Amino acid sequence: MHFTGLKGMLNKEFRRFILLLFSTVTGAVKCVALTCCVKERTINWIDGEVEGCFVMTLLFFFFPLQQGQFTNPETPGYVGFANLPNQVHRKSVKKGFEFTLMVVGESGLGKSTLINSLFLTDLYPERVIPGAAEKIERTVQIEASTVEIEERGVKLRLTVVDTPGYGDAINSQDCFSTIISYIDDQFERYLHDESGLNRRHIVDNRVHCCFYFISPLGHGLKPLDVQFMKAIHNKVNVVPVIAKADTLTLRERERLKRRILDEIDEHGIKIYHLPDAESDEDEDFKEQTRILKASIPFAVVGSNQQIEAKGKKVRGRLYPWGVVEVENPEHNDFLKLRTMLITHMQDLQEVTQDLHYENFRSDRLKRGGRLSSHGYVLPLSPAYVLVCQLAFLHLPHLKQQSSYENLQ
C-alpha cells in the first residue's frame, strides 16, 4: 500500500501498523486484521492527532459500519430485556395460533351462514339439508371442520364444530349428551398428550368458545336452552347469540335481550363475561369494551351474498322494503360479535386453560388413572406410580435371581 500523495504532510516514519476491526457479518462476529507494510517509503506525520484521524479514516473507508453491528447503547441503565415482547411476538407469529369454536342451536337459525360470514370462507360447500321425515329419529351429530386462515403473515388454524340435529327430534331430552361427551373427550385427549413423553407438538382441539343460537321467535329462553346452557357452562365459554335479528324491530330486539339476560340470571347460568379494560388502556378501547358488554346477547344477521346498496357492494339481505347490511352496526350486532371474538380470542383460550381445563384435570387426577372410552390413558395415582418405579428398579435383581434358581 503506497501513500506517495501524502509526501510533505506527515513527518513520522513507520514500517508496519496493525488495525483490529470487529464487525458483524451475517450474524457472526469476525475479527479482521489489516496489516499495512511500508517498505522504503517515508511518511511524515504532523502530530499525534493527525495520526489518529488518519487511522480512523482508513477504518471507515475500508470497513464501513454495517447495519446490525454490535454497539454500546448510549442510554444509561439500558440492558436490552425490553426487547423480550418482540421476541415473543416473532415466535408466536411463526408458530401460528389455534382456536376451536362450537356452534349449537336448532336447525334453520343460520349458524353455518354466520360462521361463513365471520371468517369470509366457505366451511360447508357440500352440505345436504335433511327433510322432515329424516329428522324424526335423527340424533345429534358432531361435524368438525378445520381451515387454515392467513392474514398479513399471521396464521390461524380455525376449527369449527357444528352440531346438526340438535333440537330436531320429537324427544330432545338427551340431545345434548353427545355434545358434552365431545367436549370432555377433547379435554381427555389434551390431558393424555400433556402427560405423554413428547409434549412439543400438542394439537389443542379443546373447545374455546361456544356460540349458542337462540330463536328470535319466542319470548325468551326455551326449557331446552336453559337445560343445555346449565349443562355446559362449567365446561366451555358460552356466548348467547340471537339469530336472524332482522325479523325483530328495534324495540322487540331490546326487549328480548333484557328478557334473556333476566332468565340467565334467574337460572344461574354462567355465560362468558368480557374482562374489564385495564386502567392504562386508551379511552377508545375502554369505550369499545363497554359497548360490547352492553350488547350481550348479540343479535346478528348473516349473509354471504354481495348486493348493491347506496352505490356500493355490501354483504346483506335484500327485502322488498330495503336492504339489511350485515356489517352495519345500526342494523345488527354482527361487527360487535366479530370484534369480541377477535379482540378477546386470547382471553377465551386463557379462561379455557386456567378455569375449565384445570377443573377437569383436577377432577380426573382425584379419581386416579383409568382408561377412557376412546382409549386415552389418563394419569395414574401417585401411589401406583411409586409401586411401578420400585418394581422397575428391582427388576434386574429379580431376573438375576430367577436365572440362578433355574441353573440349580
Side-chain angles (χ1 to χ4, degrees), residues 73-102 118-119 149 151-156 158 204 206-212 229 232-242 253-254 257-258 260-300 327-330 332-362:
E74 299 180 356
T75 305
Y78 178 82
V79 178
F81 57 81
N83 191 41
L84 289 177
N86 297 331
Q87 300 178 23
V88 176
H89 171 75
R90 289 193 297 268
K91 186 176 180 180
S92 300
V93 171
K94 183 179 179 180
K95 182 180 178 181
F97 300 89
E98 298 174 333
F99 192 81
T100 301
L101 174 65
M102 174 178 281
L118 280 174
F119 299 101
I149 303 176
E151 183 181 42
R152 297 181 181 179
V154 179
K155 297 180 181 179
L156 173 65
L158 174 67
D204 187 6
R206 296 172 298 180
V207 180
H208 302 109
C209 181
C210 175
F211 284 172
Y212 186 74
M229 287 193 286
I232 70 166
H233 65 175
N234 288 324
K235 301 176 180 293
V236 67
N237 301 308
V238 181
V239 177
V241 176
I242 300 176
R253 188 174 66 184
E254 295 302 321
K257 282 188 174 185
R258 289 195 301 267
I260 291 175
L261 290 178
D262 292 341
E263 293 181 349
I264 286 176
D265 294 337
E266 178 183 353
H267 294 283
I269 300 173
K270 303 174 186 177
I271 62 175
Y272 174 71
H273 292 284
L274 299 177
D276 296 330
E278 300 292 340
S279 58
D280 57 345
E281 297 286 352
D282 55 10
E283 295 299 328
D284 294 338
F285 184 78
K286 292 180 180 179
E287 180 65 16
Q288 180 189 88
T289 303
R290 186 193 64 82
I291 295 176
L292 292 179
K293 287 185 176 182
S295 301
I296 299 176
F298 299 97
V300 298
E327 298 181 349
N328 190 338
E330 297 181 357
N332 67 99
D333 297 333
F334 175 83
L335 280 182
K336 299 175 184 177
L337 177 64
R338 186 171 66 183
T339 302
M340 184 279 302
L341 183 63
I342 299 301
T343 57
H344 294 85
M345 184 174 290
Q346 182 64 29
D347 184 71
L348 288 166
Q349 292 177 332
E350 291 177 356
V351 173
T352 301
Q353 170 68 29
D354 300 336
L355 180 62
H356 301 305
Y357 174 68
E358 285 301 320
N359 292 338
F360 175 86
R361 179 176 175 273
S362 60

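Counting begins at 1 with the first residue of the sequence. None of the values given here were measured: they were computed from a predicted structure. Just the heavy atoms: all of them, side chains too, but no hydrogens, waters or symmetry mates, feed the values below.
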Worksheet item: If you draw a 6.0 Å radius around NZ in K286, do more than 12 non-hydrogen atoms from other residues or ligands fall strictly inside?
Response: yes
Discussion item. If you count every heavy atom of other residues, nucleotides or ligands that lies below 6.0 Å from K293 atom NZ, does the total exceed 12?
Written reply: yes
To the closest 0.5 Å, what do you measure between [atom1] ([X]) and [atom2] ([Y])?
X: L341; Y: L348; atom1: CG; atom2: CG; answer: 6.5 Å
X: H208; Y: E350; atom1: NE2; atom2: CD; answer: 11.0 Å
X: E98; Y: L156; atom1: CD; atom2: CG; answer: 9.0 Å
X: I260; Y: I269; atom1: CD1; atom2: CD1; answer: 10.5 Å
X: C210; Y: I271; atom1: SG; atom2: CD1; answer: 12.0 Å

Practice prompt. Mind running side-chain contact (heavy atoms from CB on, under 4.5 Å) on D284 and Q288 for me, showing each step along the way?
Written response: CA-CA 6 Å; D284 294 338; Q288 180 189 88; over 6 Å; no
Contact between [X] and [Y] at the side-chain level, heavy atoms closer than 4.5 Å - yes or no?
X: M340; Y: I296; result: no
X: T100; Y: R206; result: no
X: N359; Y: L355; result: yes
X: H356; Y: V351; result: yes
X: I232; Y: Y212; result: no
X: F211; Y: L118; result: yes
X: Q349; Y: F99; result: yes
X: Q353; Y: D204; result: no

Item to complete: For the pair K257 and D333, find out whether any cationic side-chain nitrogen is under 4.0 Å from an anionic carboxylate oxygen.
Response: yes
Item to complete: Taking salt bridge (Lys or Arg N to Asp or Glu O under 4.0 Å) as the test, write out the residues that go with D262, two or more places apart.
Response: none
Worksheet item: Can you name the one residue among I242, V241, V239 that meets side chain to side chain contact (heavy atoms under 4.5 Å, CB included) with P297?
Response: I242
Discussion item. Within the 3.5 Å criterion, strictly below it, is a donor on T352 or N237 matched to an acceptor on the partner's side chain?
Written reply: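 A donor-acceptor contact under 3.5 Å links the two side chains.
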Nearest heavy atoms of [X] and [Y], plus distance in Å:
X: P275; Y: T289; result: O-CG2, 3.7 Å
X: M229; Y: V238; result: SD-CG1, 4.0 Å
X: G268; Y: H233; result: O-CE1, 3.5 Å
X: L292; Y: H344; result: CD1-CE1, 4.2 Å

